[in-house]
**Q** 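After the structure tokens below, expect a handful of questions from me.
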Amino acid sequence: MRSPETERPDDSFDEPITDWFDFERRPLLKSLGAGVALSLGSGLATARGDDHAVSTAPATGGSDAGGIDPQYGFAVPDVEEIPESLVPDHEVELHTEEPEDPENPDRPPFFHFDPVGIHVSAGDVVQFTSLSPDHTITAYHPAQGFQQRVPDGVPPFSSPVLTIGSAWLYEFTEPGVYDVYCGPHHVLGMSMRIVVGDLAADDLPEYADTFEGSDEPPLLAPFSKAFLEHELNATTEGNEDCEWAWLTPQEILDAPALDPATVRDRGTVPFADVLADIDRFADELPDHDEADETAPTVQIRDHAEYGEILVDSDEMTLYMFDQDTQGAAESACYDDCADAWPPLTADAAVAGDDVTADLRTFERETGETQVTANGWPLYLFARDDAPGDVRGQGSNGVWWVLGPDGTPIRSEPND
Ligand SMILES: [Cu+2]
């Protein structure tokens, strides 16, 4: 299958399929018209984009974060123009990723959210930043023609269609699991999951494990690969048995990396981790495994407040726990504690540049191999979302970041 960005040879497809993706050359709604004709849905009912790329919805109140409407959110045409009163707690980027591998130029582009899974607290504001054209953030909701995949009572919220460099902010008030999609790129698998609040196992909604739809309107059938292939072949004479080359929403939302409990525990799930879960695209990450083998297990990162601190291979902040005994090669953190403070595990500890701490490993009671620095077992904090976050520092007066030599830095956060 051809990439939408490449010229279409005469013998490739009949009109409708390429029209879906030809956003660069056709007005957005015209290309969406083709999708609607194929019963694939657009979800743009509330996007209110029309000819204007960004429309700022009226602020109707009902929200603690002033100006963020529970249905329309808050759109800004330029990320620089976000009012100071609206401080986002998290950021998600909306990407169109073209194939870079010259050996595989026919790989489909990936339209995706990154991170594709995040855990936030109830009341947190998430900023969605569009780094490529024509994206929306839209709730799966019967009012949009889909199975409801947001908590009960949450309105069928949607952003307008975003242009490059614009952003949309939304406040997630109800605890639960929110699945959202991009209207123009939904059929290409552009979906993501936001887990709000501290979900217990029995709080998990049914839709988190099942990607069910219905053959009956208004709920459209599930966007499985089989369904999309059926639609593809039903509408492209002379191209029988075409395979669906793009991602599908079901593949994204069913990926083990997006299991709600996993999202809750990890805090942030990068798109690459979900892609690695999808068999036919796992090979599209040529350097993924290699990079993991050579990447340092523990490295240094500069932090504005604490100076050089130890971080993991993804540059996420590492912590030590005062309840542990230095050099004891055992951990005092299991069960609920380990959910909040996942141990840094690795088969072997590889020190990055300027790490002077003695790195070793020991076997936890659960069988995993945990890394220690200068005798202190190392942990991540589930609430840290991005490199540079140190939300665990000083937690309960017993969790601390460490310097390059593995010495705990026991200073309370300034704020
Ligand atoms: Cu999109």
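Indexing begins at 1, ligand by ligand and atom by atom, following the structure's order.
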**Q** Measuring to the Cu ion (ligand 1), does His135 have an N/O/S atom at a distance below 2.8 Å?
**A** yes
**Q** Verify the ring-centre separation between Tyr170 and Phe157: is it less than 6.0 angstrom?
**A**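 Yes, the ring centres sit under 6.0 Å apart.
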**Q** Taking the six-membered ring for Trp, is the centroid-to-centroid distance between Tyr207 and Tyr140 below 6.0 Å?
**A** no
**Q** Quick check for you: with the Cu ion (ligand 1) as the vertex, what angle do SG of Cys182 and SD of Met190 span, to 10°?
**A**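 With the Cu ion (ligand 1) as the vertex, SG (Cys182) and SD (Met190) sit 110° apart.
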**Q** Answer yes if the ring centres of Tyr319 and Trp400 are under 6.0 angstrom apart, and no otherwise.
**A**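 That pair fails the under 6.0 Å test.
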**Q** Taking atom CZ of Arg383 as the centre, report whether more than 12 heavy atoms of other residues, nucleotides or ligands fall under 6.0 Å from it.
**A**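 12 or below, so no.
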**Q** What N/O/S atom of His185 is the closest to the Cu ion (ligand 1)?
**A** ND1
